[in-house]
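These values consider heavy atoms only, across backbone and side chains, with no hydrogens, waters or symmetry-generated copies. Chain A is the first sequence line, chain B the second, and so forth, proteins listed ahead of strands; every chain is numbered from 1.
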Amino acid sequence: MSKEITSREQDYSQWYNDLIIKGGLADYSAVRGCMVIKPYGFALWENMRDVLDKMFKDTGHQNAYFPLFIPKSFLSKEAAHIEGFAKECAVVTHYRLKTDPDGGGLIVDPDAKLEEELIIRPTSETIIWNTYKTWIQSYRDLPLLINQWANVVRWEMRTRLFLRTAEFLWQEGHTAHATANEAIAETRQMLDIYAEFAESWMAMPVIKGVKSINERFAGAVDTYCIEALMQDGKALQAGTSHFLGQNFAKAFDVKFSDKENKLDYVWATSWGVSTRLIGALVMAHSDDDGLVLPPKLAPIQVVIVPIFKGDDQKQLIDEKVRAFVKELKQAGVKVKYDDNENNRPGWKFAEYEMKGVPLRIAIGARDIANNVVEVVRRDTKEKMSMPIEGLTVNIIKLLDTIQESIYNKAFAYRSTHITPADTWEEFMDLLDNKGGFVSAHWDGTPETEDKIKELSKATIRCIPLNNVEEAGSCILTGNNSTERVLFARAY
RNA sequence: CGGGGCGUAGCGUAGCCCGGUUAUCGCGCCUGCUUUGGGAGCAGGAGGUCGCAAGUUCGAAUCUUGCCGCCCCGACCA
């Protein structure tokens, strides 16, 4: 055993790091807080990206690309926005290096100071709205539905692989609309798309909700989110969709003429998900033996391991395998035949378990004699013997079963981890000893939320969209409340 | 930014307290043979600015000072 994984029980964050590193998703880099996404991890991201990209395009969005650099003055145009991001911006101040006249390498050339510093985008609202100003004059230019796949930089104090890195990859949608209602509908539509993606593709149940004022995006009127629950009982914000009102239109003076030739500011949304989703995926399903990936996103869905003695057997196996691999591939299954002779079967079994490949097929002389293969599920470790005849259909069925099964497992965990609390003692006890979401009354004020956060380290994850009205009293202050909200400790 | 930990071969480590020939062990790597149904065995081999810099000393991985980097826990955040 050359690749030991720390167990969840022993040290949950070490377990998480082990999975990322030993599962081959990413590596630490020479740059603080920045990671290298390795081919296997990037393949996972590409799969996620492709699905989302199609969903965006199917709802009328187009991709574009805006600059990495943002003039400093742009950021300061929207007051709340700069407030939120100023503390974590990387700043470009010079455009040239030169050799040190006193010897010893390169120095920043003091003569090459920029007149205006450039910020490396932490998010692109400002540069995009500055551009939209020139693109939008009339209601005929609306709606403007644009998405960009990009990297952004936020100089975080403390980073964690995938969950919070100084540079990360994401998509950011930025739309402009003629009416508030249309913009709100867009915000909600994109939230639904994110939820659909999380649940149907990542097999990760999420709660759709709206953020409290404290947790709202800097510059938004309303922030909608999907919240997921990780195996250690902590919540994770998996995606956000913001209704920006006319804040950015006003800050960047983006007006349009409506049909009556009246000038008005446009209504805006922005929405994004990031490589953080990979972290969410890892923590949602994996176990102490390694990653568990949902079949619909797994870079490899089926791995085939031959077991043989001598070239004669190998040839027989190759022949059999070639036939059904072809069929699997034609059916759209992502299959890998690992006949690399450098590693033995046992090594491969462990390796692909580590990498979370949903199904493993082993085939040896024994199986060929019976015209079967051994199929093993990654999620349950269940071993079964399957006839080669009709294998493709059964594999596809099994992949669907796994997809559903890991969703159900995650859903069951989450269901038992949304717990109501009616007293402060109960509230704290749940957070300390059970984890998960705690459903509790809150008096609706930011001050109370701050106080609760200070006392419990829990924040309001969201006010669920499907909330029912219920009279009650605030968990902390006892003041009147009309609905419960979800609290949790979060990543 | 506060607290803790760690920097020795690609990875993981011993040695450091108490300075002294050629820096330990495992994995991995290379060559050969035997192996192959749960991380193979044997034999041989390659691989090191001991994080960096200065100091103490006849002599520093080991002692002193300074610096750098990374990880973990917190506060900030996706």
Side-chain angles (χ1 to χ4, degrees), chain A residues 1-6 11-18 21-22 27-35 83-89 104 122-123 152-172 194 211 214-218 223 225-228 235-242 270-280 289-290 305-311 313-314 317 339-354 360-369 372-374 376 381 383 385 453-454 457 459 461 489-491:
Chain A
M1 298 291 261
S2 59
K3 285 184 173 179
E4 288 283 344
I5 298 177
T6 308
D11 183 343
Y12 191 86
S13 21
Q14 193 53 50
W15 166 77
Y16 174 78
N17 287 332
D18 282 356
I21 302 295
K22 293 174 180 169
D27 242 342
Y28 293 110
S29 76
V31 186
R32 190 206 78 104
C34 296
M35 64 179 174
E83 174 97 10
F85 287 106
K87 287 171 296 184
E88 52 189 39
C89 286
T123 178
V152 287
V153 168
R154 297 183 187 175
W155 214 263
E156 302 286 354
M157 304 271 194
R158 181 155 125 66
T159 56
R160 286 168 69 82
L161 293 168
F162 285 113
L163 294 179
R164 182 167 296 102
T165 44
E167 179 192 7
F168 57 94
L169 306 183
W170 77 347
Q171 61 63 219
E172 45 181 328
Y194 288 155
K211 287 288 188 190
N214 284 5
E215 299 284 321
R216 193 179 281 164
F217 174 74
T223 289
C225 63
I226 51 171
E227 290 286 327
L236 183 126
Q237 179 175 305
T240 49
S241 184
H242 314 291
S270 70
W271 28 274
V273 295
S274 71
T275 36
R276 169 179 249 207
L277 286 180
I278 293 175
D289 293 320
V305 178
I307 297 159
F308 58 91
K309 295 184 178 114
D311 286 347
Q313 288 191 5
K314 176 68 171 32
I317 293 171
D339 64 345
N340 183 340
E341 293 191 37
N342 294 329
N343 297 311
R344 298 166 80 250
W347 188 91
K348 292 176 187 172
F349 294 168
E351 182 66 12
Y352 291 107
E353 264 163 29
M354 178 91 69
R360 179 182 79 230
I361 293 176
I363 177 166
R366 203 163 80 193
D367 304 294
I368 289 196
V372 297
V373 292
E374 181 192 70
V376 184
K381 306 280 172 67
K383 287 188 182 177
S385 185
K453 182 177 178 183
E454 193 187 315
K457 290 175 189 159
T459 49
R461 300 322 302 158
R489 292 187 180 140
Y491 279 101

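- Annotation: F85(A) is in aromatic contact with F217(A) [ring centroid separation under 6.0 Å].
- Phosphate contact (OP1/OP2 of C73(B), side-chain N/O of S13(A), threshold under 4.0 Å): present.
- A donor-acceptor pair under 3.5 Å is absent between the side-chain atoms of K309(A) and the main chain of A365(A), judged by distance alone.
- Rounded to an integer number of Å, the gap from NZ of K87(A) to C1' of A75(B) is 11 Å.
- Using a 4.0 Å heavy-atom distance criterion, Q14(A) is classed as making no nucleic acid contact.
- R32(A) comes within 4.0 angstrom of the backbone, heavy atoms only, and of no base.
- Distance noted for atom C1' between C25(B) and U34(B): 26 Å (whole Å).
- In this entry G44(B) has C30(B) as its Watson-Crick or G-U wobble partner, both defining distances falling under 3.5 Å.
- Remark: K453(A) is in phosphate contact with C76(B), judged by side-chain N or O atoms under 4.0 Å from OP1 or OP2.
- Nucleotides A40(B) and G15(B) place their P atoms 29 Å apart, quoted to the nearest Å.
- In this structure, Y28(A) atom OH and G51(B) atom C1' are separated by 18 Å, rounded to whole Å.
- Comparing the P positions of C58(B) and G5(B) gives a spacing of 34 Å, expressed to the nearest Å.
- A distance of about 12 Å separates the C1' atoms of U57(B) and G20(B), rounded to the whole Å.
- Looking at N343(A), its side chain has no donor and acceptor atom pair within 3.5 Å of the base of G39(B).
- Whole-Å rounding puts the Y491(A) OH to A75(B) C1' distance at 17 Å.
- Across all strands, A238(A) comes closer than 4.0 Å to no nucleic acid atom at all (heavy-atom distances).
- Taking atom C1' on both C17(B) and C63(B), the two are 11 Å apart, rounded to the nearest angstrom.
- A distance of about 15 Å separates the C1' atoms of G26(B) and U8(B), rounded to the whole Å.
- Under the Watson-Crick or G-U wobble criterion, with both distances below 3.5 Å, U56(B) is left unpaired in every strand shown.
- Look at R344(A) and you'll find a side-chain N or O under 4.0 angstrom from OP1 or OP2 of A40(B).
- Positionally, the nearest nucleotide of RNA chain B for I307(A) lies more toward the 5' end than for the other of I307(A) and R461(A).
- The distance between atom CE of M35(A) and atom P of C71(B), rounded to the nearest whole Å, is 12 Å.
- Across all strands shown, K457(A) has heavy atoms under 4.0 Å from sugar-phosphate atoms exclusively, and none from any base.
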H242(A) and S270(A): CA distance, side-chain angles, deciding distance, side chain to side chain donor-acceptor pair (under 3.5 Å) verdict: CA-CA 5 Å; H242(A) 314 291; S270(A) 70; 4.5 Å; no

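- Rounded to a whole Å, the CD atom of Q313(A) is 9 Å from the P atom of U36(B).
- Straight-line distance from the CE atom of M157(A) to the P atom of A78(B): 14 Å, rounded to whole Å.
- Shown here, C1(B) forms a base pair with G74(B); the pair counts as Watson-Crick or G-U wobble because both key distances fall under 3.5 Å.
- The aromatic ring centroids of W347(A) and F349(A) lie 6.0 Å or more from each other.
- At a threshold of 4.0 angstrom between heavy atoms, the contacts of F217(A) with the nucleic acid are absent.
- Between the side chain of Q171(A) and the backbone N or O of V273(A) there is at least one donor-acceptor pair closer than 3.5 Å.
- Comparing C33(B) with C16(B), their P atoms sit 43 Å apart, to the nearest whole Å.
- Between the CZ atom of R158(A) and the C1' atom of C72(B) there is a distance of 6 Å, given to the nearest Å.
- As judged by a 4.0 angstrom heavy-atom cut-off over every strand, T165(A) is placed among the base-contacting residues.
- For A61(B), there is no paired nucleotide, since no Watson-Crick or G-U wobble pair has both relevant distances below 3.5 Å.
- Not one side-chain nitrogen or oxygen of R216(A) sits closer than 4.0 Å to the OP1 or OP2 atom of A78(B).
- Closest approach to the P345(A) side chain among G39(B), U36(B), A78(B) is made by U36(B) (side chain taken as heavy atoms from C-beta onward).
- Residue whose closest nucleotide on RNA chain B sits further toward the 5' end, between F85(A) and V31(A): V31(A).
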Between R154(A) and E167(A), does the side-chain contact (heavy atoms from CB on, under 4.5 Å) criterion hold? Intermediate values first, please. CA-CA 6 Å; R154(A) 297 183 187 175; E167(A) 179 192 7; over 6 Å; no

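- As judged by a 4.0 angstrom heavy-atom cut-off over every strand, L236(A) is placed among residues making no nucleic acid contact.
- Taking the six-membered ring where the residue is Trp, W15(A) and Y12(A) present tilted rings, their angle falling between 30° and 60°.
- Taking atom CG of residue N17(A) and atom C1' of nucleotide C6(B), one finds them 15 Å apart after rounding to whole Å.
- For R276(A) (side chain) and L163(A) (main-chain N/O), a donor-acceptor pair under 3.5 Å exists by modelled atom type.
- In this entry U36(B) has no Watson-Crick or G-U wobble partner, no candidate having both defining distances under 3.5 Å.
- Across every strand in view, C6(B) sits in a pair with G69(B) that passes the Watson-Crick or G-U test at under 3.5 angstrom.
- For G38(B), its base sits under 3.5 Å from the side chain of K383(A) at one donor and acceptor pair at least.
- Note on Q237(A): only backbone sugar-phosphate atoms sit closer than 4.0 angstrom, heavy atoms only; bases stay farther off.
- Residue R360(A) places a side-chain atom within donor-acceptor reach of the base of G38(B), judged by atom type and a 3.5 Å distance cut-off alone.
- If you take atom P in G66(B) and the same atom in G2(B), they sit 16 Å apart, rounded to whole Å.
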